[in-house]
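So you know, we letter chains A, B, ... as the sequences are listed, proteins then strands, and number each from 1.
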Amino acid sequence: MVRTRFAPSPTGYLHIGGARTALFNYLFAKRNDGKFILRIEDTDLERSKIEYEKEIIQDLLWVGIRWDEGPDIGGNYGPYRQSERLELYNLELKKLVEKGLAYECYCTEEELEVQRKLQLKEKKPPIYDRRCLNLTEKKRKEYINEGRRPSYRFLVPHKTLEYTDLVHGKVTVDCSLISDPIIVKSNGIPTYNFACVVDDYHMGITHVIRGDEHLDNTPRQILIFEALGYKHPFYAHIPMILAPDRTKLSKRHGATSVKELKQLGYVPQALINYISLLGWSPKENREVFSIEEIIQRFDFDHILDHPAVYDLEKMKWFNHYYISNILTNQQVLKYLQELDNNVKNNIDLYGKIIEFEKSRVYSLLEFIDVFKIISNDIVDYDLSNVDANLFSLNIKNTYDDLVNIEFSSVDSIKQSLKRIIQKHNLRTQDLYKPIRFALTNTLEGIELPKLIYLLGKEKFLNRLKNFISFVDSKTKV
RNA sequence: GGCCCUGUCGUCUAGUGGACUAGGACACCGGCCCUUCAAGCCGGAGACACGGGUUCGAAUCCCGUCAGGGUCACCA
């Protein structure tokens with residue numbers, strides 16, 4: 001039985017890279033009828049916050065990833081927060097100490113820092129010199145009397161390690177180049193490399209799928225598995241997602257968290273589809289896949305081993321495609337309600353807006369923009385880039401006909417406008433542009449007859465009049 | 001700096017020694033549609049990092065150079 005896990009540390013929001021790691025773990029588990037587990041790695045007491053755990057869970061649920069076991073729903077391998085499994089790590093630590101494979105270290109962080117800098121200065125790799133490996137009992141007592149508390153280090157066997165990565169293939173490592181890692185901090189809390197191994201074993205994880213940044217942790221972890229006498233899981237390191245400047249993705253690169261994307265009007269299906277294609281591709285020459293189709297096709301053979309650059313433009317296109325072609329009007333309305341509380345008070349109007357705008361919109365926010373245009377009258381026009389006098393003139397000249405536009409449907413409005421254009425011998429844009437501008441203060445957006453229909457006769461005429469007097473007042477000054 | 005990973009259009013990618021005149025998608029450019037802006041449809045431009053090998057034949061295998069990324073914490 002395949003068991004995979006996503007193991008975030010609750011020190012921040014779920015970002016695009018984390019979401020993809022979670023997704024790939026989920027896909028692989030589902031592809032093989034296995035289980036997907038959510039585990040919270042909160043061993044960093046200072047930075048971990050329960051609020052972040054809640055946010056991460058919310059975001060994961062929003063994108064549509066579901067787990068079979070986790071801190072919120074329990075399971076047979078719990079608890080699923082590392083802070084609640086401290087006895088287990090202690091037990092495992094004891095085993096290693098008894099075997100002589102872990103040892104106390106009384107060095108302070110300051111001392112270690114000094115040593116590290118010295119080694120770096122001499123252009124040597126910063127490796128712990130094992131000065132605490134064979135402490136005399138006397139020295140040990142001395143340290144304790146000084147008030148020092150020991151951390152525990154894992155004794156790395158200096159051998160050559162070979163293992164197979166499901167994405168990268170065979171990996172060989174010279175372990176004499178690896179520094180003895182601290183596995184339990186002086187406050188008694190395990191570090192990542194230890195807790196991770198203990199949990200992956202006791203939770204029965206069969207496949208560890210994670211980002212390439214963990215490649216160098218893998219030999220350490222395998223060594224600890226071996227020291228404990230446990231068989232290690234399979235490893236698959238997936239390529240990282242880079243920002244357009246080809247550095248690690250971070251806040252300064254704009255919208256990188258799932259939460260931000262949601263607020264920007266992206267739809268979860270589009271997000272899933274887009275990130276699934278970052279570093280992985282199905283055989284077919286097509287790019288729109290439902291999550292079920294992706295599960296069916298998911299495999300390690302088509303995972304790339306070089307990083308992918310995150311491109312918001314393509315993400316936008318996916319969003320457009322899903323809104324226009326995949327989602328029903330009802331689904332769009334539902335997402336809109338999640339996005340803006342005000343939507344539920346104007347269901348009918350939003351229903352119309354969705355019907356009219358669905359096929360051309362790139363973001364959910366654009367529906368809300370249309371709503372705002374319709375409900376908020378314009379108090380101040382930006383005349384700097386338009387020929388305001390000509391616009392005003394054209395509206396004045398046709399106003400008596402505009403008053404008589406037939407409002408029964410979008411099409412009747414369109415026909416009325418057509419007649420007016422013919423009657424006055426105008427080009428379409430001579431009438432469309434001024435009206436659009438008078439109505440919205442912009443020159444682009446929703447199709448004009450639809451806008452006029454949504455506005456209704458009263459607002460339509462009021463805004464025209466308002467625009468004319470606005471222009472008059474500006475030109476008189 | 002040591003160690004590790006990686007290099008196909010601007011970006012995501014197809015490609016597993018002959019089917020490659022290197023295919024698709026986003027973005028870009030042009031046209032059509034519409035007497036508006038978009039959307040849609042059609043078309044165009046655009047890449048095997050470089051240099052050596054191996055081979056009858058290399059985007060594909062090997063070596064080197066260059067370039068990018070990751071990592072060297074009592075963070076995960």
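Annotation for A/Glu444: atom CD does not count as buried by contact number, only 12 or fewer foreign heavy atoms lying within 6.0 Å.
Phosphate contact (OP1/OP2 of B/rA73, side-chain N/O of A/Arg116, threshold under 4.0 Å): present. Phosphate proximity of B/rU13 to A/Lys283: absent, as no side-chain N or O sits under 4.0 Å from OP1 or OP2. Contact check, A/Ser186 against B/rC74: no side-chain N or O comes under 4.0 Å of OP1 or OP2. Put simply, A/Lys248 has a side-chain N or O that comes within less than 4.0 Å of OP1 or OP2 on B/rU71. For the pair A/Lys450 and B/rA38, the criterion of a side-chain N or O lying under 4.0 Å from OP1 or OP2 is not met.
Among the protein residues, A/Glu109 comes within range of the nucleic acid bases, having at least one heavy atom under 4.0 Å from a base atom. If you check every strand for non-hydrogen atoms under 4.0 Å, A/Gln422 touches a base.
For the residue pair A/Asn193/A/Thr191, the side-chain donor-acceptor check at 3.5 Å is not satisfied.
Rounded to an integer number of Å, the gap from CG of A/Leu448 to P of B/rA39 is 17 Å. Counting to the nearest Å, the C1' atom of B/rC75 and the CZ atom of A/Phe194 are 18 Å from each other.
With hydrogens and angles ignored, a donor-acceptor pair under 3.5 angstrom links the side chain of A/Asp216 to the base of B/rG70. Looking at A/Asn217, its side chain comes within 3.5 Å of the base of B/rA76 through a donor and an acceptor atom.
For the segment residues 158-183 of chain A, residues with any heavy atom less than 4.0 angstrom from an atom of RNA chain B are, sorted by number, A/His168, A/Leu177, A/Ile182.
Classification of the A/His168-A/His237 ring pair by plane angle, with boundaries at 30° and 60°, yields tilted. Taking the six-membered ring where the residue is Trp, A/Tyr274 and A/Tyr310 present tilted rings, their angle falling between 30° and 60°.
Look at the C1' atom in both B/rC28 and B/rC9: the space between them is 12 Å, to the nearest Å.
Between A/Tyr77 and A/Ile37 there is no side-chain heavy-atom pair separated by less than 4.5 Å.
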